[in-house]
Amino acid sequence: MPRFTREQVRRRQRIAVAILVAVLLLVIGGCTALVANLRGGDRPHRADDAAMTVGSTPAGAPALTQLPEETQLTADEAMGIDVSSYQRDIDWEQVAGDGYVFAYIKATEGSGFTDTHFRLNWDGARAAGITVGAYHYFTLCSPGAEQAASFLAAAPPDDTALPPALDLEFDGACEERPEAVDAQAEIDAFTHAVEKAWGRRMVIYSSSEWRDHYGLPVADSRPDWLYSDRGRPSPEDWAVWQLRFDGTVSGIEGPVDIDVVRIEVLREHAAIPREEDLELPAPEEGQS
């Protein structure tokens, strides 16, 4: 008497073929992934710079009263603010009504801390038609790579947003003061990871205390965010200008940082040349 019926044999044959196909797919997939990695499959993101736009501050807007005396916006400049949970709940429609067209919003600090109002501010500003950007407050108490992971988890790449910004200050941060070479190594680890993910150079803001202590090599070839309460900053190639930290803005209780952006300068300085060591993919044949 046969051990298996003819139908049982056919069923077992079908199962064996299905298992073989599944194994082959796994092997092929693994080989494809390996080849992709060998060819640089984990390639940096190439940002679409045309997707990043900032509106114009209307003539006569209340925001213009925050400018230094006898200062007027030029054609390529627009008014904005930078905020964090310190400003508590914000009425973004009123902010937009004052003529502010962009906002840098605190996303993270150090590693493992996301600003409690980040997502609320991000979504609220966007809904009001304000172009948003995220910034990270760096600390010398945790590795730069860990801080980058925290930032990217909170603020993943978004081509329509402003380039991410890095805030280098001692206020409120840890008390450690490592050697300059060690501090710079952690900053480099942070900027490399974030710029690879976003496909744009980071905007760099620093306090005078930070610059006096460490200098600012990280700002070389990156967009500058400079503070000046008497007029446009020097040097003249700034991308973002913070003109006051005690501004008054409708929809926000208490003082606010007021800024001006030069969007074309920001776009140009944030662009990563294709030949640089981030190994950004070259354009395909026929593309510019």
Side-chain angles (χ1 to χ4, degrees), residues 43-57 73-82 100-108 118 122 125-126 130-138 144 147-148 151-152 154-168 184 187-206 216-228 232-233 235-243 257 259-283 287-288:
R43 288 182 172 181
H45 176 62
R46 170 63 69 184
D48 176 10
D49 290 335
M52 180 180 68
T53 60
V54 173
S56 300
T57 299
L73 294 184
T74 62
D76 64 336
E77 297 174 350
M79 301 287 295
I81 59 175
D82 61 272
Y100 295 99
V101 295
F102 77 93
Y104 264 107
I105 301 168
K106 183 177 180 179
T108 47
F118 172 62
W122 185 273
R126 269 218 160 130
I130 294 172
T131 302
V132 292
Y135 78 86
H136 173 79
Y137 193 100
F138 196 84
Q147 296 188 55
F151 177 80
L152 291 172
D158 184 341
D159 286 0
T160 65
L162 300 172
L166 179 61
D167 188 353
L168 300 173
Q184 188 59 46
I187 293 171
D188 288 344
F190 179 90
T191 56
H192 180 81
V194 173
E195 290 176 346
K196 183 177 181 180
W198 274 74
R200 287 182 177 141
R201 292 197 186 283
M202 298 195 71
V203 183
I204 307 298
Y205 178 89
S206 67
L216 205 61
V218 69
D220 294 344
S221 72
R222 290 186 172 94
D224 283 326
W225 185 344
L226 303 177
Y227 175 80
S228 173
R232 291 177 177 81
E236 298 180 354
D237 61 346
W238 56 269
V240 183
W241 162 30
Q242 182 184 337
L243 53 100
D257 292 348
D259 305 285
V260 171
V261 69
R262 296 197 295 185
I263 186 61
E264 293 308 321
V265 174
L266 181 62
R267 194 192 311 278
E268 177 185 353
H269 290 192
I272 299 176
R274 297 181 184 276
E275 67 272 12
E276 290 203 355
D277 60 1
L278 289 181
E279 299 178 352
L280 292 171
Q287 292 183 348
S288 58

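Quick note: numbers below take in every heavy atom, side chains included, and nothing from hydrogens, waters or symmetry partners.
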Inset, instruction - Identify the residue among D167, I187, T191 that makes a side-chain contact (heavy atoms from CB on, under 4.5 Å) with F138. - result: I187
Any donor-acceptor pair under 3.5 Å from [X] side chain to [Y] backbone:
| X | Y | value |
| --- | --- | --- |
| D257 | I81 | no |
| R222 | H269 | no |
| W198 | P164 | no |

Closest approach of [X] to [Y] (non-hydrogen atoms, all atoms of both residues):
| X | Y | value |
| --- | --- | --- |
| L243 | V260 | CD2-CG2, 3.5 Å |
| A134 | F118 | CB-CE1, 4.0 Å |
| R200 | A161 | NH1-O, 2.9 Å |
| I272 | E195 | CD1-O, 4.0 Å |
| A219 | D224 | CB-OD1, 3.7 Å |
| M79 | T57 | N-OG1, 2.9 Å |

Any side-chain heavy atom of [X] within less than 4.5 Å of one from [Y]?
| X | Y | result |
| --- | --- | --- |
| S56 | L73 | no |
| T160 | M52 | no |
| F102 | D259 | yes |
| Y227 | P233 | no |
| L162 | I263 | yes |
| L168 | L216 | yes |
| L166 | V203 | no |
| P223 | V265 | no |

Gap separating the [atom1] atom of [X] from the [atom2] atom of [Y], nearest 0.5 angstrom:
| X | Y | atom1 | atom2 | result |
| --- | --- | --- | --- | --- |
| Q242 | D82 | CD | CG | 5.5 Å |
| Q184 | D188 | CD | CG | 4.5 Å |
| W122 | I130 | CH2 | CD1 | 12.5 Å |
| D76 | R267 | CG | CZ | 11.5 Å |

Inset, instruction - Determine, stepwise, if the pair R126 / D158 fulfils side-chain contact (heavy atoms from CB on, under 4.5 Å). - result: CA-CA 13 Å; R126 269 218 160 130; D158 184 341; 2.6 Å; yes
Legend entry - Ring centre gap for W225 and Y104 strictly below 6.0 Å: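 Ring centroids of W225 and Y104 are less than 6.0 Å from each other.
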Inset, instruction - Classify the ring geometry between H136 and F151 as parallel (under 30°), tilted (30 to 60°) or perpendicular (over 60°). - result: perpendicular
Inset, instruction - In plain terms, say whether E268 and R262 are close enough for a salt bridge, that is, a side-chain N and a carboxylate O under 4.0 Å apart. - result: no
